[in-house]
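Data block below; observations after.
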Amino acid sequence: MSSDVRDILELERPPTPEVTKEALLSSKKKHNPERAKAMKRPEGMHREVFALLYNDNKDAPPLLSTDTGGIGTGYKQVKARLGMKKVRKWHWAPFSNPARTDGAVFHHWKRLSDEAKAYPFAQFNKQLSIPTYTAAEYNTNLRTNQAKWSKPQTDHLMDLAKRFDLRFVVMADRWDKETHGLKSVEELKERYYEVTGILSKIRGTPDKKVYVFDAEHEKKRKEQLKKLFERTAKQIEEEQMLLNELKKIEARKKERERKTQDLQKLISQADQQGEVPQSTPSNRKQDKKLNKKKQQSQLRPSKVDSVVSAVESAGIKFTDLRGTGVSLRSQKMKLPANVGQKKAKALEQAIQEFKVDPTPPPTEEICLAFNELRSDMVLLCELRTALATCNFELESLKHQYEAVCPGKTLNIPASLVTPPEDTKPAENVIDVVGSPHP
């Protein structure tokens, strides 16, 4: 740019330095003072720890925690923006937390222009509804063996449940052992769920779930977990060796079954070849015509056939969990990996449509029934899609017939087109297979 300006003003140019071979091939690099000032990471210090010492501007870290990590965060900014606007006023305002019951009043800085709002962190104060009972209800329905659970013990249990929000481990630690005796975590859980279940049945609250807790089963489960955790290295190695032997046995079994199936196929093919009559010229011609027709039909696949095949293979096949160690029964209700995203979305919509609980208690009976129900829901979605596709195919064939034969109309029976009353119309059908829309 400076050379162009000098040419316009007819000024002399400064002499240009002569470019030599040595200047081009010089391997010496220019000294960069800023690079020399950069502090090198000490040897032995991790990169993450060294990054905490300085920021991008090489400023020392602040002594107190701040909210000025970047531009636009918090009330402060890295660079001051000066203008003609008036500064908004702040004042030291009192506030109270509605979650507190002691009426404590605190103060913080607040803009005068801001509206009065409730304390934002009060929304995180979630209180559990612990049921209460009267003396008459206890004597009538909740009385048990006095040696096992008395009324003072039950009252102390419900008080701990309210104070510690059903944290049974903390409740067992805070349990008054001198007054009420020693109680385990399983016993506390069993008594609490027993009381809540009886009260919900008496008061007729079907919206609340009734949990049945088996203390003996929970104790046995924890014992098994303890034994599994306390296995020695020799026991783990022996178990792994047995698993490898089991895999080898299953592989040999599958190989024998495969060889048996191949042998049966060969025997059946040999029997069929012995029964086939000798081919004649007329039979050959008929076979060629049949083959041509089959090829033509294969070249023009029908959309209905694809939907029918999809319906035949509809449903979800839940595999049995096979493995060693402890596993949750709720894993049986997980969708298999081969279920596509469209099927999963259609299944979720069907569950919402029929108002089914998406996460029921994973008992053995509920797991089987819930898996069968979801498989039937997927089949229902496939049938709805098949119905919509068949209706679309009939309409397209009708239009093709009217185009080929002008002046004639093809009357399709209403029973073939109109869906039954208990099904949804075609526009509300969940598209699972990807059928075309008219």
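We number each residue from 1, following the sequence as shown. Nothing here was measured: the structure is a model prediction, and the numbers come from that model.
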Okay, side chain of [X], backbone of [Y]: is any donor-acceptor separation there less than 3.5 Å?
| X | Y | result |
| --- | --- | --- |
| Thr196 | Tyr193 | yes |
| Thr144 | Trp149 | yes |
| Arg231 | Leu228 | yes |
| Asp114 | Lys110 | no |
| Arg100 | Asn97 | no |
| Trp175 | Gly181 | yes |
| Arg41 | Met45 | yes |
| Gln224 | Arg221 | no |
| Ser396 | Glu393 | yes |
| Glu250 | Lys247 | no |

Enclosure of [X] [atom1] (heavy-atom neighbours >12, cutoff 6.0 Å):
| X | atom1 | result |
| --- | --- | --- |
| Glu255 | CD | yes |
| Glu237 | CD | no |
| Lys151 | NZ | yes |
| His46 | NE2 | no |
| Glu48 | CD | yes |

Closest contact, heavy atoms only, [X] versus [Y]:
| X | Y | value |
| --- | --- | --- |
| Ala350 | Met377 | CB-SD, 4.0 Å |
| Ala344 | Val339 | N-CG1, 4.1 Å |
| Thr132 | Glu137 | O-OE1, 4.2 Å |
| Asp176 | His156 | N-NE2, 3.3 Å |
| Pro131 | Leu199 | CB-CD1, 3.9 Å |
| Phe370 | Pro358 | CZ-O, 3.6 Å |

Apply side-chain contact (heavy atoms from CB on, under 4.5 Å) to residues Met171 and Phe168 and explain how you reach the verdict. CA-CA 5 Å; Met171 291 164 56; Phe168 288 99; 3.9 Å; yes
Step by step, would you call Tyr133 with Asp155 a side chain to side chain donor-acceptor pair (under 3.5 Å)? CA-CA 9 Å; Tyr133 52 85; Asp155 295 341; 2.4 Å; yes
Interatomic spacing from [atom1] in [X] to [atom2] in [Y] - rounded to 0.5 Å:
| X | Y | atom1 | atom2 | answer |
| --- | --- | --- | --- | --- |
| Asp159 | Lys162 | CG | NZ | 8.0 Å |
| Tyr119 | Phe106 | OH | CZ | 8.0 Å |
| Ser268 | Leu263 | OG | CG | 9.5 Å |
| Gln349 | Phe354 | CD | CZ | 12.0 Å |
| Asp214 | Lys219 | CG | NZ | 10.0 Å |
| Asp357 | Ile351 | CG | CD1 | 9.5 Å |

Non-hydrogen side-chain atoms of [X] and [Y] separated by less than 4.5 Å:
| X | Y | answer |
| --- | --- | --- |
| Gln153 | Thr179 | no |
| Lys345 | Glu348 | yes |
| Val356 | Leu373 | yes |
| Leu335 | Leu347 | yes |
| Lys332 | Pro362 | no |
| Leu383 | Leu379 | yes |
| Gln235 | Glu239 | no |

Using side-chain contact (heavy atoms from CB on, under 4.5 Å), reason through Leu387 and Arg384 one step at a time and then give a plain yes or no. CA-CA 5 Å; Leu387 178 61; Arg384 287 176 176 177; 5.7 Å; no
Residues Gln123 and Asn125: side-chain donor-acceptor under 3.5 angstrom: no
Looking at Trp109 versus His91, is the centre-to-centre ring distance below 6.0 Å? no
Sub-6.0 Å ring centroid separation between Phe95 and His107: no
Residues Glu257 and Lys254 bridged, charged N to O under 4.0 Å: no
Please identify each residue that fulfils salt bridge (Lys or Arg N to Asp or Glu O under 4.0 Å) with Glu372, with sequence neighbours left out. none
Strictly by salt bridge (Lys or Arg N to Asp or Glu O under 4.0 Å), give each pair with a member in residues 182-197 just once, sequence neighbours left out. Glu186-Lys222, Arg191-Glu194
